[in-house]
Amino acid sequence: MVTTSEHLNPKHVAIWRVTQLIPLGKVATYGQVADLAGLPGRARMVGKALGLVPESGWQGNNVPWYRVINSQGRISLPVGSDAFERQRQSLMEEGVIVNNGRIALKTFLWQPALSELLFDLDY
DNA sequence: GCCCTGACTCTCA
DNA sequence: CTGAGAGCCAGGG
């Protein structure tokens with residue numbers, strides 16, 4: 001069992017679960033993840049939650065936090081920072097092109113079909 | 001409760 | 001496209 005006595009915020013967990021649905025090679029925006037997690041208007045909370053993702057993943061699966069970017073299609077981390085570089089590299093490794101911290105949403109934004117959501121996010 | 005902070009977002013110039 | 005401003009909502013002090 002995971003004896004991590006961390007104070008798990010159920011909202012953070014909901015955010016991690018939605019993040020795990022973002023397919024490899026695609027990205028989603030903070031606002032998009034917030035909406036799908038049932039937390040409209042809380043995009044800033046998504047950033048907070050992703051910063052707290054357990055290194056070991058969640059429920060046996062990894063949480064691709066690096067697939068979440070801002071609505072402008074840009075990486076929302078301090079340019080040049082360690083975290084920024086990790087995100088940029090992770091995305092590039094799976095085929096997402098990052099130019100000067102910018103990603104073409106036209107090409108890489110995750111646009112799930114309603115049927116897909118109904119299946120994964122058991123309502 | 002008030003004030004401030006932040007991996008956000010929208011609007012407008 | 002870029003920047004400033006305002007709006008937004010949890011958390012923490």
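Residue numbering restarts at 1 for every chain, and letters A, B, ... go by the order of the sequence lines.
- Heavy-atom neighbours of A:Lys48 NZ from other residues, nucleotides or ligands within 6.0 Å: at or below the threshold of 12.
- Atom C1' of nucleotide B:dA7 and atom CD of A:Glu85 are separated by 15 Å, given to the nearest angstrom.
- Distance NE2 (A:His12) to C1' (C:dA10): 8 Å, rounded to an integer number of Å.
- With A:Arg67 as the partner, the side-chain hydrogen bond (donor to acceptor under 3.5 Å, both in side chains) test is satisfied by one option alone out of A:Gln87, A:Gln20, A:Glu94: A:Glu94.
- Interatomic distance, A:Asn99 CG to A:Arg88 CZ, rounded to the nearest 0.5 Å: 10.0 Å.
- Across the protein-nucleic acid pair, A:Arg88 atom CZ and B:dA7 atom C1' stand 17 Å apart, rounded to whole Å.
- Around atom CG of A:Asn61, more than 12 heavy atoms belonging to other residues, nucleotides or ligands sit under 6.0 Å away.
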>> Within the 4.0 Å limit for protein heavy atoms, which parts of nucleotides 8-13 of chain B are touched? Write it as a string from 5' to 3', B for base, S for sugar-phosphate only, - for none.
In response: BSS---
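- Remark: P of B:dG6 and CG of A:Leu77 are 14 Å apart, rounded to the nearest angstrom.
- In this entry the distance linking CG of A:Leu50 with P of B:dG6 reads 17 Å, nearest Å.
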>> side chain to side chain contact (heavy atoms under 4.5 Å, CB included), that's the test. Do A:Val33 and A:Leu36 meet it? Break it down for me.
In response: CA-CA 5 Å; A:Val33 172; A:Leu36 294 179; 5.9 Å; no
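- The interatomic distance linking A:Leu39 (CG) with C:dC8 (C1') rounds to 14 Å, in whole Å.
- Taking atom NZ on A:Lys48 and atom P on B:dC4, their separation rounds to 19 Å, with Å as the unit.
- For the pair A:Tyr66 and A:Gln89, the minimum side-chain heavy-atom distance is 4.5 Å or more.
- As rounded to whole Å, 14 Å separates atom C1' of C:dC8 from atom NZ of A:Lys11.
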